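Below is one structure, written out as structure tokens; comments come after it.
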Amino acid sequence: MAILRDLYQEVILDHNKHPRNFRVMDHCTRSKEGYNPLCGDHYTVYVRLEGGVIADVSFQGAGCAISKASASVMSQVLKGKTVEEANALFDEFRGLVTGRTDTEREAERLGRLAAFSGVSEFPARVKCASLAWHTLKAALEGGEGRDKVTTE
Amino acid sequence: MIEATLNTAQPQVDGKARLELCRHHFPLLRQRVNGKPLVYLDNAATSQKPQVVIDTIMRYYMEENSNIHRGVHYLSEKATEAYEGVRATVRQFLNAGDTREIIFVRGTTEAINLVAHSYGRVHVGKDDEVLISAMEHHSNIVPWQIVCEERGARLRVIPMNDAGELLVEEYEKLLTPRTKIVGLAHVSNALGTVNPVKTMVAMAHARGIPVLLDGAQAVPHMRVDVRDLDCDFYAFSGHKVFGPTGIGVLYGRESLLNAMPPYQSGGDMIKWVTFEKTVYNDLPYKFEAGTPSIAGGVGLGAAIEYLTKLDLDAIGLYEHDLLQYATARLSAVPRVRIVGTAREKAAVLSFTVEGIHPHDIGTILDLEGVAIRTGHHCAQPVMQRFGIPATARASFAFYNTKEDVDVLVKSVEKVIEVLG
């Protein structure tokens, strides 16, 4: 049961039930679809950039608790960050879910993202946690392209 | 080595009890997963192997390993005898007319590709149609799609109702002079539906159209008689029927196979090769290029003999009872919806829980030691038909018990408790 609570921490359960910024953005600068063909998780991530700063992030779609909570928390932590800061956070997040980050030492810096530390014990779920981040990164890099991002 | 003790099972125990005793023939089922006794409910993906199959493969490698159909030496003759003996076992298992009609392949996927590419390329032309059903596995969709694209033909689909039953009256309308072949699942891997294939074969034959049946999910659960079904092709995989991976069977009607060009070419499928011309071998070798999975074949033979001794009719009855129990118990859990409620079903229970993604169900069940499959089950059009991204699927074999079902149900209740 302990390992189960490590994965499905309260923050994740809350964001799964009540996802934040869960909406289509009408006047976004960029958007991208992300898809995990293995489990069917499917999201669109929207970004509004103002002078190199992420003014707003939102998302729409469906998927498992881990992928939805990850998209929701991501949308919160990225608001007000520069593109460079967003990329750095993605690297942090990847380190966290693949078990390369010492979460106890880094807890303060990671903030809400630390809730995803349990994912590293579940290799099959790393892609779920990373899907929204990959999609956002592709949106930031790829401009208005309509190609889907997939985890495969 | 432990031999399966089927013949020594007490004659006074009835069929059901006898099947429950067979669980101990499967060494893998004895292990614990995440600290819990393993409850293996992913049999539609692959089945576990009885000790007798494991021992047979080991014995083959320790005592008989050699290439077949080639050497004149002792071992080669032993290996050839063992492998060809399995062809006779399979013929009897399917009640085919002749061993020439039993082609060894890697699995169901390769069997369907063989028919699609060999039969399809010759018989499917521009504006022709290939007819499949709405509940096919990707392996009975994509090969036909490729052939249709290449030949300028059209892939048509027999629709199904909300219970997951094919609409036979719509099927009737879809059989036209343009239809060149019908490909049908005997049992649906995603829904568990047992299709009325005998009737559907007869309907196609009334118009002179041949039928391929995908038997991957049927063969482990029921007696299959290809002459009674009167199908033209029947495919199944060894690994789903308690045998090893890498071996499967295509049954084909001899007259059709004789007229079909080779699928793959190379050694063993020839009689005579010069740089100008090659004379192909006779059936079944014409379709068996290269060194096959000999150990796989030998293992499959052991699996079929094991299954035949158990009695497939008894297995069918036992699993029917188990499926009814599981359906009733799981349906009683709030927010659970069973996907696939056909009147005729076999051993597959697909379900969703309202508000919870199947992937999360799979992870939490795994922590309880329960192995199920979650996802689209290589049948994405089925998911699209039901408007869902995925399902959780528990699939049974005769070594599963009502206690396994109880653990499943308790674990699903726990999922709901954890994720709310």
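To find a chain, count down the sequence lines: A is the first, B the second, and so on, and within it residues start at 1. Keep in mind it's a predicted model, so treat the numbers as computed, not measured.
The number of heavy atoms from other shown groups lying within 6.0 Å of CZ (B:R106) does not exceed 12.
Going from atom CG of B:D360 over to atom CG of A:L13 covers 9.5 Å, rounded to the nearest 0.5 Å. Note that CG of B:L419 is 7.5 Å distant from CG of A:L4, once rounded to the nearest 0.5 Å.
Of all residues spanning residues 58-71 of chain A, those with a heavy atom less than 4.5 Å away from chain B's heavy atoms are A:G63, A:C64, A:A65, A:I66, arranged by number. Contacts from residues 73-87 of chain A to chain B, taken as heavy-atom pairs separated by less than 4.5 Å, involve no residues at all.
The ring pair (Phe, Tyr, Trp, His ring centres under 6.0 Å) check on A:F122 picks up nothing, with sequence neighbours excluded.
Contact of B:L367 with chain A is made through the side chain alone, with heavy-atom distances under 4.5 Å.
Across all non-hydrogen atoms, the minimal contact from B:H359 to A:R125 is O-NH1, 3.3 Å.
For residues 363-394 of chain B, the ring-ring contact (aromatic ring centres under 6.0 Å, His included) pairs, not counting sequence neighbours, are B:H138-B:H376.
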